[in-house]
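First the structure, in the form of structure tokens, and then the observations on it.
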Amino acid sequence: MNNFIIKKINKDINNGLSIKKIKFRFPPEPNGYLHIGHIKAIYINFKLAEIYKAKINLRFDDTNPYNEHINFVKEIKNNIKWLGFRWSKITYTSDYFNILYKWAKKLIKKKKAYIEYNKNNKIYNLYNIKENLYHFKQMKDGKYKENSYVLRAKIDINSPNYHLRNPIMYRIIKKKHYRTKNKWCIFPTYDWAHGQSDYIEKITHSLCSIEFQNHNKLYNWFLKYIYNKKYNNILPKQIEFSRLNIYDTITSKRHLNILIKKKIIKKLDDPRLSTISSFKKKGYNPKYIINFIKNIGYSKRYNKISINKLELEIKKKIIKTSPKVMVLFNPIKIIINNFPKKLIEWIYIKKNKNFKKQIIPFTREIYIEKNDFKEKYDKNFFRLSSYNYVRLKYSYIIKAYKIIKKKKKIIKIFCNFFKKKKKIKSTIQWISKKYKKKIKILDYNYIFFKKKKIYNKKSIKIIKAYIDLTINNLKLKKIYQFHRIGFFYLFKKNKFKKIIYMKKKY
RNA sequence: AGACUUGUUGUGUAAUGGUAGCACAUCAGAUUUUGGUUCUGAUAGUUAAGGUUCGAAUCCUUACAAGUCUACCA
């Protein structure tokens, strides 16, 4: 790994920062599920901790009781473990409410913070230290209503950077916090809490995504006034990297929550989403996701990536490990005329990944996939027709000679089989008529918003399909390769979830 | 509109001021009982203009483009 973040850290080391003091943190707010964008942040933080043999805190940034919940804390912990990362310590911003309150009073005394209040829709500021301290205490003690009083930092009301225009440090929220319960009714804002929490935890490099770059000056401004050499002599640095954007995929908690609110999806582990929980449920291996993140790298440039890249990554790996079975989505009947009527020929398949005892029956009447037959001559079509020889997987070569139609629809095709024939361009899957079994496949696409915030409605469907007799030997929670179709995860008896289709359609 | 940040083949990402490389995609060929996989090869790039320098993707200036912010969210 080589990127601008490592260079910055190495530069700090060259300038005298002890390697032993380097420390990182990953700070999600427990207000939703982590998605693929978060994996980018998780990977860089945990990987850097590994490289520098540094500590890394998992910090729950819980400064707004409105959307936060203990269940999200649990899910986030599970997600990070599932990805294969281990934190040094779990911390909560809410554990620092006391010290943040103390530091806020310090800022008031330094005339760097003041109370703003709203009376009869007019806004007033207080500049007297004693008055400020008094009202700040009243705010804390629950004497005022929400939206009536706030504590602001006194920086520069005319700054061209909006974040420096006397930003809010505390607001009143009269809602039960999942950890501090009703103890606090004033809550620090992100800007006031974040850098200070980094300083408390002795974080040296605070990595975040690019949208916080405008906060960088404010981050440093606060630290300047709370800095205490005896408490901690190293100031943390905020480093921003570009966020991950993926075509036709939702990568923002806000949009995910809209889907829940509008009842478009029921849960945040819906297979159409790119949350870590959905990846887990779909049978993805976390290694492949990490590999994808590794490959896209880190920079400050705006980037937009195709989700295809993740899927190709997965395909190349699982093709080596997933056993093959034959499945038909749209079967069409084939009668092999020169094959004995009552004969059942049992085919033993010896080598098929980790599959044991794979035996399939071949009979006179079989089914193949509808798209694998073409009535008219086409020089670019290599599968079954009256003009082509085609091989049935694990079995004989066949060629069509008669097509039976009913109301212009093909209902069956008569073929002859051949035992030996040289160059065959294509091999197709099939299932014996008497031995086909029904399965259901959950097929889906990533859900995304089109223009005007309309989502793609046809993002999920159930396909009824047929599988050969090997279904009896399949193991739950494993990925199988449907011959020439794609890769599917067996999540319940006779029920599969799509992982990825073979790419080319022909 | 302003402030901040960023501009490297189609996409993503490298290159102490010193040979512009890598991965994926695309195209071609080989292998193949999956039109898949694998293997080999090819195509293609420093946003523009000026400056500093023996030498600039890298430093400076200007223009242009993109992204972020302008919440009592994080």
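The chains referred to below are lettered A, B, ... by the order of the sequence lines, with proteins before strands, and numbering in each begins at 1.
Side chain of A:Leu312, nearest nucleotide from B:A25, B:A66, B:U33: B:A25. Candidate nucleotides B:G12, B:U70, B:U68 were compared by shortest atom distance to the side chain of A:Asn214, and B:U68 ranks first. In this structure, of B:A74, B:A15, B:U5, it is B:U5 that holds the atom nearest to the side chain of A:Lys300. In this structure, the nucleotide among B:G35, B:G12, B:C72 sitting nearest to the side chain of A:Phe382 is B:G35. Side-chain proximity of A:Lys316 to the nucleotides B:U38, B:C72, B:C4 is greatest for B:U38. Considering only side-chain atoms of A:Ile319, the nucleotide from B:G2, B:A15, B:G36 that sits closest is B:G36. Closest to the side chain of A:Lys309, out of B:U11, B:C69, B:U70, is B:U11. Taking only side-chain atoms of A:Gln213, from C-beta outward, the nucleotide of B:C4, B:A74, B:A15 with the closest atom is B:C4. Here B:U34 is the nucleotide among B:A66, B:U37, B:U34 with the atom lying nearest to any side-chain atom of A:Met502. When distances are taken from the side chain of A:Thr427 to each of B:U34, B:A74, B:A15, the shortest belongs to B:U34.
Taking only side-chain nitrogens and oxygens, A:Arg391 never comes nearer than 4.0 Å to OP1 or OP2 of B:U34. Phosphate contact (OP1/OP2 of B:A71, side-chain N/O of A:Asn64, threshold under 4.0 Å): absent. Remark: A:Arg243 is not in phosphate contact with B:A74, judged by side-chain N or O atoms under 4.0 Å from OP1 or OP2.
B:U31 and B:C24 have their P atoms separated by 22 Å, with the value rounded to a whole Å. B:A66 and B:C54 have their P atoms separated by 38 Å, given to the nearest Å. Of the C1' atoms belonging to B:C39 and B:A20, the separation is 27 Å, rounded to the nearest Å. Taking atom C1' in both B:C73 and B:C69, one finds a spacing of 13 Å when rounded to whole Å. Taking atom P on both B:G67 and B:U62, the two are 23 Å apart, rounded to the nearest angstrom. Between the C1' atoms of B:A65 and B:A48, the separation comes to 11 Å (whole Å). Rounded to the nearest Å, the gap between the C1' atom of B:A25 and that of B:U13 is 14 Å.
Among the protein residues, A:Tyr66 comes within range of no part of the nucleic acid, since none of its heavy atoms lies under 4.0 Å from any strand. Within 4.0 Å (heavy atoms only), A:Tyr117 reaches no atom of the nucleic acid at all. Using a 4.0 Å heavy-atom cutoff across all strands shown, A:Thr63 reaches sugar-phosphate atoms only and no base atom. Residue-level contact check: A:Asn3 touches the backbone only, with heavy atoms under 4.0 Å from sugar-phosphate atoms and none from bases. When heavy atoms are screened at a 4.0 angstrom cut-off, A:Lys304 is found touching the sugar-phosphate backbone but no base atom. Residue contacts for A:Asn147: at a heavy-atom cut-off of 4.0 Å it reaches a base atom on one of the strands shown. Counting non-hydrogen atoms under 4.0 angstrom, A:His194 reaches nothing in the nucleic acid. Across all strands shown, A:Tyr302 has heavy atoms under 4.0 Å from sugar-phosphate atoms exclusively, and none from any base. If you check every strand for non-hydrogen atoms under 4.0 Å, A:Ser306 touches nothing. At a threshold of 4.0 angstrom between heavy atoms, the contacts of A:Tyr394 include nucleobase atoms, whether or not backbone atoms are also involved.
Spacing between atom OH of A:Tyr480 and atom P of B:U34 amounts to 21 Å, rounded to whole angstrom units. Distance, A:Glu211 CD to B:A66 C1': 15 Å, rounded to whole Å. In this structure, the CG atom of A:Leu218 is 15 Å from the P atom of B:C73, given to the nearest Å. Protein atom CG of A:Asn245 is 14 Å distant from nucleotide atom C1' of B:U6, rounded to whole Å. Atom-to-atom, CD1 of A:Ile293 to C1' of B:U11 comes out at 15 Å; the value is rounded to the nearest Å. In this structure, A:Tyr219 places its OH atom 18 Å from C1' of B:C4, rounding to the nearest Å. Per the geometry, CZ belonging to A:Phe4 stands 12 Å off P belonging to B:A15, to the nearest Å.
Between the side chain of A:His163 and the base of B:A71 there is no donor-acceptor pair of N/O atoms closer than 3.5 Å. Interface remark: the A:Arg484 side chain does not form any donor-acceptor pair with the B:G35 base, using a distance-only criterion of under 3.5 Å. Donor-acceptor pairing under 3.5 Å, judged by distance alone, is present between the side chain of A:Gln481 and the base of B:U34.
Of the candidates A:Asn220, A:Leu218, A:Ile226, A:Leu218 is the only one forming a side chain to side chain contact (heavy atoms under 4.5 Å, CB included) with A:Phe222.
Pair check for B:A3 finds B:U68; Watson-Crick or G-U wobble, both atom distances under 3.5 Å.
Between A:Glu201 and A:Arg59 there is a salt bridge, since at least one side-chain N of the basic residue sits less than 4.0 Å from a carboxylate O of the acidic one. Salt-bridge formation is not detected for the pair A:Glu146/A:Lys174: no Lys NZ or Arg NE/NH1/NH2 atom is positioned less than 4.0 Å from an Asp or Glu carboxylate oxygen. A salt bridge is absent between A:Lys497 and A:Asp443: the closest approach of a Lys/Arg side-chain nitrogen to an acidic carboxylate oxygen does not fall below 4.0 angstrom. A salt bridge links A:Asp12 and A:Lys237; the closest N-O separation between the charged side-chain nitrogens and carboxylate oxygens is under 4.0 Å.
Heavy-atom contacts from other residues, nucleotides or ligands closer than 6.0 Å to CZ of A:Phe4 number more than 12.
For the pair A:Lys315 and A:Phe487, the cation-pi criterion (under 6.0 Å, within 45° of the ring axis) is not fulfilled.
Residue A:His483 and nucleotide B:U34 are classified as a stacked aromatic pair, their ring centres being separated by less than 5.5 Å at an interplanar angle below 30°.
A centroid separation of 6.0 Å or more is found between the aromatic rings of A:Tyr480 and A:Phe488.
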